[in-house]
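Quick caveat: nothing in here was measured; it's all calculated off a predicted structure. Hydrogens, waters and symmetry mates are skipped; everything else that's a heavy atom, side chains included, is used.
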Amino acid sequence: MPVTKTRTTAKSLNVRAPNRVSHTYTQRLNASASKVFPLLCPVREAEWIDGWNPVVVLSKSGVAEQDCVFITDAKVHDSIWYVTRHDPARGFVEMIKITPGITACKLTIRVRPSKPGCEAEVTYAHTSLGPEGDVFVASFTSEFYVQFMREWESRLNHYLKHGVALRNGG
């Protein structure tokens, strides 16, 4: 009896080019890489980002680790973050952030020594998941990103110097 093969046609799949934007910024931080890297964590960020309060953090160790999952509030849908790589020895962390219907994002951070402290190379790559994501991707300009990264850098350096978070609005 002959075997009949079925073919999936391109018409049945919705394949299209991604609407994506990616930016990288290198922060200059006033502490050693070994002091900075642990602060890049969904739990420890509450120490230096005023108002940071994830909805839930799923972690065996209680802090950032590979396969840690956390959820943050977002305007339309909560965002789900998944730590895909966490390598403190190499100062590298990679996370995937999904905001349903809006964007899928890959965040990578590389922390390395640099006199007098360290530097953190931070890359966000956002891919639109629909019309609202298209609007977000269009607004994620290099100017916006530089401002966002400078604010993050300022907040982290303030914490490193004073041991407390820089309060919003002052």
Side-chain angles (χ1 to χ4, degrees), residues 16-31 33 35-57 64 68-87 90-114 116-162 164-170:
R16 59 184 182 227
N19 180 9
R20 181 176 292 144
V21 64
S22 179
H23 295 295
T24 300
Y25 181 88
T26 302
Q27 300 175 343
R28 310 280 183 248
L29 301 169
N30 299 322
K35 185 171 182 179
V36 168
F37 187 80
L39 296 173
L40 306 173
C41 160
V43 174
R44 301 281 316 270
E45 284 184 9
E47 296 173 27
W48 60 273
I49 300 176
D50 190 31
W52 177 256
N53 188 21
V55 175
V56 68
V57 177
C68 173
V69 175
F70 59 104
I71 300 171
T72 55
D73 281 329
K75 290 178 186 170
V76 179
H77 299 286
D78 289 350
S79 297
I80 302 159
W81 300 72
Y82 192 103
V83 179
T84 54
R85 292 177 57 197
H86 190 266
D87 189 345
R90 290 190 173 88
F92 182 78
V93 63
E94 177 184 82
M95 301 177 202
I96 302 299
K97 174 187 177 189
I98 305 295
T99 306
I102 312 293
T103 60
C105 172
K106 180 168 72 169
L107 165 62
T108 59
I109 307 172
R110 297 178 199 295
V111 180
R112 57 184 165 259
S114 177
C118 70
E119 55 186 34
E121 181 184 86
V122 182
T123 302
Y124 275 85
H126 288 279
T127 302
S128 171
L129 299 177
E132 290 179 75
D134 291 342
V135 171
F136 178 85
V137 165
S139 72
F140 198 76
T141 63
S142 57
E143 295 80 12
F144 170 84
Y145 190 67
V146 167
Q147 181 181 357
F148 171 53
M149 286 292 99
R150 286 183 177 161
E151 180 181 340
W152 179 351
E153 181 179 32
S154 175
R155 288 179 179 282
L156 191 46
N157 277 326
H158 182 274
Y159 176 79
L160 293 166
K161 182 176 182 179
H162 302 286
V164 295
L166 181 63
R167 297 293 167 209
N168 291 332

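The shortest side-chain heavy-atom distance between Trp81 and Val69 does not fall under the 4.5 Å cut-off. Two residues are said to be in side-chain contact when any heavy atoms from C-beta on lie closer than 4.5 Å; Thr24 and Val122 fail this criterion. Counting heavy atoms from C-beta outward, Val83 and Glu94 have side chains that stay 4.5 Å or more apart. Under the 4.5 Å side-chain criterion, counting only non-hydrogen atoms from C-beta, Glu121 is not in contact with Thr108. Side-chain contact check for Thr127 versus Thr103: every heavy-atom pair is 4.5 Å or farther apart. Side-chain contact between Leu39 and Leu156 is present, with heavy atoms from C-beta onward closer than 4.5 Å.
A side-chain donor from one of Glu153 and Tyr25 sits under 3.5 Å from a side-chain acceptor of the other. If you check the side chains of Thr26 and Glu119, you find no donor sitting under 3.5 Å from an acceptor.
Within a 6.0 Å sphere centred on CZ of Arg90, heavy atoms belonging to other residues, nucleotides or ligands number 12 at most. Atom CD of Glu47 sits in a crowded spot, with more than 12 heavy atoms from other residues, nucleotides or ligands closer than 6.0 Å.
Closest approach of Ser79 and Lys97 over heavy atoms only: OG-CE, 3.4 Å.
In this structure, the side chain of Asn157 engages the main chain of Asn30 through a donor-acceptor pair within 3.5 Å. Side-chain N or O atoms of Thr141 include one that pairs as donor or acceptor with a backbone N or O of Phe144 at under 3.5 Å. Using modelled atom types, no side-chain atom of Asn19 and backbone atom of Ser128 make a donor-acceptor pair closer than 3.5 Å.
Relative orientation of the Trp152 and Trp48 rings is parallel, given thresholds of 30° and 60° on the angle between their planes. Between His162 and His158, the ring-plane angle classifies as tilted under the 30° and 60° cut-offs.
For Tyr145 and His126, the ring centers sit 6.0 Å or farther from each other. For Tyr124 and His23, the gap between ring centers reaches or exceeds 6.0 Å.
Note that CD1 of Ile109 and CG of Leu40 are 4.5 Å apart. Values are rounded to the nearest 0.5 Å.
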